[in-house]
S.K.: 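Let me give you the structure first, and then I'll get to my questions.
Starting from 1, each residue takes its place in the sequence as its number.
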Amino acid sequence: MTGVPASAAGGSSGARRAAAGAGTPASAAPVAPGEVAGRVAARSSDGGAPGAEPGASSGVDHGRAAGAAPGAGGTVHGEGVDDDAQGDGKTPRGGKIAAAAVNQASVWNIANLLTMLRLVLVPAFVALMLADGGYDPVWRSLAWAAFAVAMITDLFDGHLARTYNLVTDFGKIADPIADKAIMGAALVCLSSLGDLPWWVTGVILGRELGITLLRFLVIRYGVIPASRGGKLKTLTQGVAVGMYVLVLTGWLATLRWWVMAAAVVLTVVTGLDYVKQAIVLRRQGIAERKAALEEKEA
């Protein structure tokens with residue numbers, strides 16, 4: 001067939017291929033696997049992917065279409081990813097810094113903020129509790145309000161952290177410290193004012209500090225889970241101490257004595273239960289290690 005242009009002989013698609021071939025430098029090397037196809041699309045004068053048909057979408061969709069081209073390795077490109085680093089199997093530039101910033105920002109979540117609030121309330125509670133000699137009903141009522149807020153936030157921060165995956169190293173350390181600090185401050189203030197016998201304060205604080213130390217000693221063998229008795233103990237202690245912070249008379253004063261007695265009993269019983277669990281956990285851990293060592297030697 002003479003006199004017929006090659007583009008016409010191939011139809012409209014042939015014309016487009018001819019035009020695309022004419023606009024491509026002869027020295028251009030084939031696209032290597034992992035090379036950024038999205039950048040080629042971004043550099044084209046009309047904002048479209050090279051060789052794209054008229055009417056094809058531009059912008060992000062263009063980048064995605066180019067990223068799906070052969071040699072992209074099935075990875076979507078053209079969306080702000082450093083493909084040079086990705087092609088080399090290395091972390092994108094600034095990735096480590098960004099990850100560190102995210103981890104640092106995660107400390108300032110709602111659960112940790114509630115824990116920080118409890119820590120701030122400790123000195124505020126002591127100041128209110130001892131204001132005007134420590135026996136003014138108004139100041140004691142304000143101290144009770146601070147203590148109540150601290151105990152209520154203790155119920156929510158752990159739940160929020162577990163439910164919404166907000167658990168951080170800071171929370172693991174600060175939460176038990178805040179719990180012991182507010183309870184210890186209240187007990188010491190009450191005993192120093194003569195409202196609560198010192199032996200009660202000694203039993204409760206001794207148990208709390210002893211169990212905390214015990215947990216650290218057996219943590220190599222496992223974790224002692226919180227029991228229902230322990231949760232009931234915490235609730236009873238909070239109610240009893242709160243009733244002692246308030247200036248109560250009559251039958252309410254008698255009732256708070258019985259509530260505190262129940263709190264002391266639960267404190268001792270649950271403390272002994274934790275000691276038993278720690279002993280069993282340690283024995284199991286030693287037995288498992290011994291069995292693993294014998295199996296390895298065999």
S.K.: Give, for atom CG of L281 and atom CD1 of I286, the distance between the pair rounded to the nearest 0.5 Å.
M.R.: 10.0 Å
S.K.: Measuring from atom CD1 of I173 to atom OG1 of T115, what distance do you get when rounded to the nearest 0.5 angstrom?
M.R.: 12.0 Å
S.K.: Got K290 and L293 here, is their nearest side-chain heavy-atom distance under 4.5 Å?
M.R.: no
S.K.: How long is the straight-line distance from CD1 of I177 back to OG1 of T212, given to the nearest 0.5 Å?
M.R.: 10.0 Å
S.K.: T267 and I204: which non-hydrogen atoms are nearest, and at how many Å?
M.R.: CG2-CA, 4.0 Å
S.K.: For V218, does its backbone N or O pair with a side-chain atom of R282 as donor and acceptor, under 3.5 Å?
M.R.: no
S.K.: Find the distance between CZ (R289) and OH (Y221) and round it off to the nearest 0.5 Å.
M.R.: 5.5 Å
S.K.: Any chance the side chains of N109 and T168 put a donor and an acceptor closer than 3.5 Å?
M.R.: no
S.K.: Side chain of R256, backbone of M243: donor and acceptor closer than 3.5 Å?
M.R.: yes
S.K.: Side-chain contact, heavy-atom cut-off 4.5 Å: W198 with V188?
M.R.: yes
S.K.: For residues L266 and W199: do they belong to one hydrophobic cluster (side chain heavy atoms under 4.5 Å, members Ile, Leu, Val, Met, Phe, Trp, Tyr)?
M.R.: no
S.K.: When rounded to the nearest 0.5 angstrom, what distance separates NZ in K231 from CG in L235?
M.R.: 12.0 Å
S.K.: Please examine the side chains of T270 and I211, heavy atoms only from C-beta on, and report whether any two atoms are closer than 4.5 Å.
M.R.: no
S.K.: With a 4.5 Å limit on heavy-atom distance, are the side chains of D175 and D154 in contact?
M.R.: yes
S.K.: Using the rule side-chain contact (heavy atoms from CB on, under 4.5 Å), only one of T236, V239, L190, V241 pairs with M260; which is it?
M.R.: V241
S.K.: Kindly give the heavy-atom pair with the smallest separation between L121 and A146, and that separation in Å.
M.R.: CD1-O, 3.8 Å
S.K.: May I ask you to test the M183-L187 pair for a side-chain heavy-atom distance under 4.5 Å?
M.R.: yes
S.K.: Would you indicate whether the side-chain heavy atoms of N112 and W108 approach each other to under 4.5 Å?
M.R.: no
S.K.: Does the side chain of V167 come within less than 4.5 Å of K172's, by heavy atoms?
M.R.: yes
S.K.: Please say yes or no: joined through hydrophobic side-chain contacts below 4.5 Å, possibly via intermediate residues, are L246 and V138 part of one cluster?
M.R.: no
S.K.: Has the side chain of T153 got a donor or acceptor atom that lies under 3.5 Å from a matching backbone atom of A150?
M.R.: yes
S.K.: Would a single hydrophobic cluster contain both L196 and W257, if residues Ile, Leu, Val, Met, Phe, Trp and Tyr are joined by side-chain heavy-atom contacts under 4.5 Å?
M.R.: yes
S.K.: Rounded to the nearest 0.5 Å, what's the gap from OG on S191 to OH on Y244? Could you check?
M.R.: 10.0 Å
S.K.: For atom NZ of K180, is the number of surrounding heavy atoms from other residues, nucleotides or ligands below 6.0 Å larger than 12?
M.R.: yes
S.K.: Take a 6.0 Å sphere around OH of Y135 and say whether it holds more than 12 heavy atoms from other residues, nucleotides or ligands.
M.R.: yes
S.K.: Compare every heavy atom of P176 with every heavy atom of G171, then report the nearest pair and how far apart it is.
M.R.: O-CD, 4.1 Å
S.K.: Indicate if I182 and L113 have the same hydrophobic cluster label, given that clusters are the connected sets of ILVMFWY residues with side-chain heavy-atom separations under 4.5 angstrom.
M.R.: no
S.K.: Does R283, at its CZ atom, have more than 12 non-hydrogen atoms belonging to other residues, nucleotides or ligands within less than 6.0 Å?
M.R.: no
S.K.: Short question: side chain of R140, backbone of G134 - any donor-acceptor pair under 3.5 Å?
M.R.: yes
